[in-house]
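So the structure is just underneath, and the comments pick up after that.
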Amino acid sequence: MTGSDTEQRRTARGRRRAAALAGVLLAATLSGCSRPPDLVLVTFDTLRRDHVGAHRAPGAGPSPTPHLDALAARGRTFEGALTTMPTTSPAHASIFTGLHPRDHGVLRNGDRVPEALAAERSLPQQLRRAGYRVGAFVTTNVFGGAMGLSGFEPFDDAGTPLRPGADAVAAALRWLDESGRDPVFLWLHLYDPHSPYGPAAAKPEHYPVDLGRYGWVEPRHYADPAARAAMAALYAEGAREADAALGALVEGFAARGRAPYWIATADHGEFLDEHLDALGFAYGHGSLLGPEVLDVPLVVAGPGIARARVPGAVSLVDVYTTLLALAGVGDPRAAAEGRIDLRGEPPSGRVVTAARRFFTPEDRQKKRITEAAARAIRARAVAASDGGALVVVGEDGAPADAARAPALADAAAHALAAQRRGEEGR
């Protein structure tokens with residue numbers, strides 16, 4: 001072998017090493033410069049799960065939510081998703097902190113997350129630190145910043161009590177155009193299904209709501225079945241308008257060549273006339289517990305997420321974990337706090353809790369709550385399916401099936417004690 005041959009081999013090995021090193025450096029550079037994905041959270045205020053076509057039985061008639069159904073058809077649809085509390089601000093605070101109401105302290109509309117906790121846990125603040133532009137477009141001023149979750153810029157509620165979801169979408173798309181190619185986290189809140197029921201254009205005429213028509217009402221006001229049917233039709237119309245707004249937002253992102261991850265859910269559901277005759281409660285939420293208000297639709301869709309129907313118990317607190325994970329932000333507290341990434345499978349035997357705030361005697365007198373209704377508030381059942389379970393914490397925390405499911409009864413008792421400690425500390 002000549003010196004020339006040896007030198008050629010050395011040169012070739014050097015070139016291969018240089019090429020390999022260049023490849024590693026290029027991969028590292030591309031990895032370091034890769035753009036985080038866009039994230040979109042859509043919360044339907046007061047949307048019942050059984051009014052979403054993706055959850056309805058075949059032959060149930062035309063779906064009021066074709067755009068949400070289309071999103072579900074290309075993503076993960078959760079059959080056992082549950083709110084943390086059937087009240088708007090507490091449920092949203094759970095989404096944005098990953099905590100249950102007893103832990104974040106928002107137990108009614110108008111409550112604030114403590115500033116120190118908001119600074120530590122706020123989802124929008126964490127995503128801003130990760131390089132996101134973060135905007136909120138909401139359709140009511142019921143929040144009014146009261147959740148104490150700073151970080152959204154803008155927090156756009158148009159300064160009005162109500163606005164149509166379509167208007168919020170138009171504002172959101174204008175903001176998206178101004179964001180350039182920066183990654184965005186966009187929250188769209190849709191009040192359209194909420195009372196006063198009916199089309200968004202007519203809502204301001206009936207706002208604030210007539211308490212004779214919504215909540216604790218006299219059953220005789222709805223003695224005519226046609227009156228109940230009319231209320232159900234108005235509610236469904238609001239669901240359709242909210243769904244149309246979602247469709248416009250999906251179309252807007254697609255037209256701009258952006259492929260975000262989508263999470264669409266509801267803060268809670270709504271009672272229609274299920275308890276009107278027995279308890280005098282109808283067309284409202286927040287006072288009673290039941291599947292009508294606790295069950296929520298939940299869809300996760302986006303690049304690489306395969307279509308699936310997922311059984312088992314999941315919670316709105318899991319939305320927090322999932323959005324952070326999609327953004328590449330680690331959350332080492334998730335496992336200890338019992339939260340999961342919704343891209344995985346809910347663990348077998350998982351217990352999820354939901355609660356409602358306590359009524360004082362003054363509340364009961366003001367709201368005309370009967371003894372029968374008070375008993376219904378206090379004694380709630382445990383619902384279980386596919387290895388997961390829900391513990392509903394009412395005023396005594398005792399599940400109706402305590403004898404059959406002592407472990408769940410124990411979980412309910414612990415959840416109730418934690419909630420009471422939270423109440424006492426306020």
Note to self: Can you pull out every salt bridge (Lys or Arg N to Asp or Glu O under 4.0 Å) where at least one residue sits in residues 238-261? Sequence neighbours excluded, please.
What the structure shows: D38-R258, D177-R256
Note to self: Donor-acceptor check, side chain of D267 to backbone of T46, threshold 3.5 angstrom: yes or no?
What the structure shows: yes
Notebook entry, point to check: Looking at V106 and P90, what are the two nearest heavy atoms and their distance?
Noted result: O-CB, 3.2 Å
Notebook entry, point to check: Got a donor-acceptor contact below 3.5 angstrom from the D69 side chain to the G53 backbone?
Noted result: yes
Checklist line | Partner residues of W187 under the side chain to side chain donor-acceptor pair (under 3.5 Å) criterion, sequence neighbours left out | finding: T43
Margin query: For the residue pair T88 / N109, report whether a side-chain donor-acceptor contact shorter than 3.5 Å exists.
Written below: no
Item checked: Check: R121 side chain, F96 main-chain N or O, donor-acceptor pair, under 3.5 Å -> no
Notebook entry, point to check: Do F155 and F137 have ring centroids that are under 6.0 Å from one another?
Noted result: no
Check: Is Y261 close to I305 at the side-chain level, that is, under 4.5 Å between some pair of heavy atoms?
Finding: yes
Checklist line | Selection residues 298-321 - residue pairs positive for side chain to side chain donor-acceptor pair (under 3.5 Å), sequence neighbours left out | finding: E79-R309, Q126-Y320, D318-R350, Y320-R333, T321-R339
Notebook entry, point to check: Are the side chain of Y214 and the backbone N or O of Y197 linked by a donor-acceptor pair below 3.5 Å?
Noted result: yes
Notebook entry, point to check: Should the pair R228-E274 be classified as a salt bridge under the 4.0 Å nitrogen-to-oxygen rule?
Noted result: no
Margin query: Any donor-acceptor pair under 3.5 Å linking the side-chain atoms of T87 with those of H285?
Written below: no
Notebook entry, point to check: Hey, would you say the H189 and H194 ring centroids sit under 6.0 Å apart?
Noted result: no
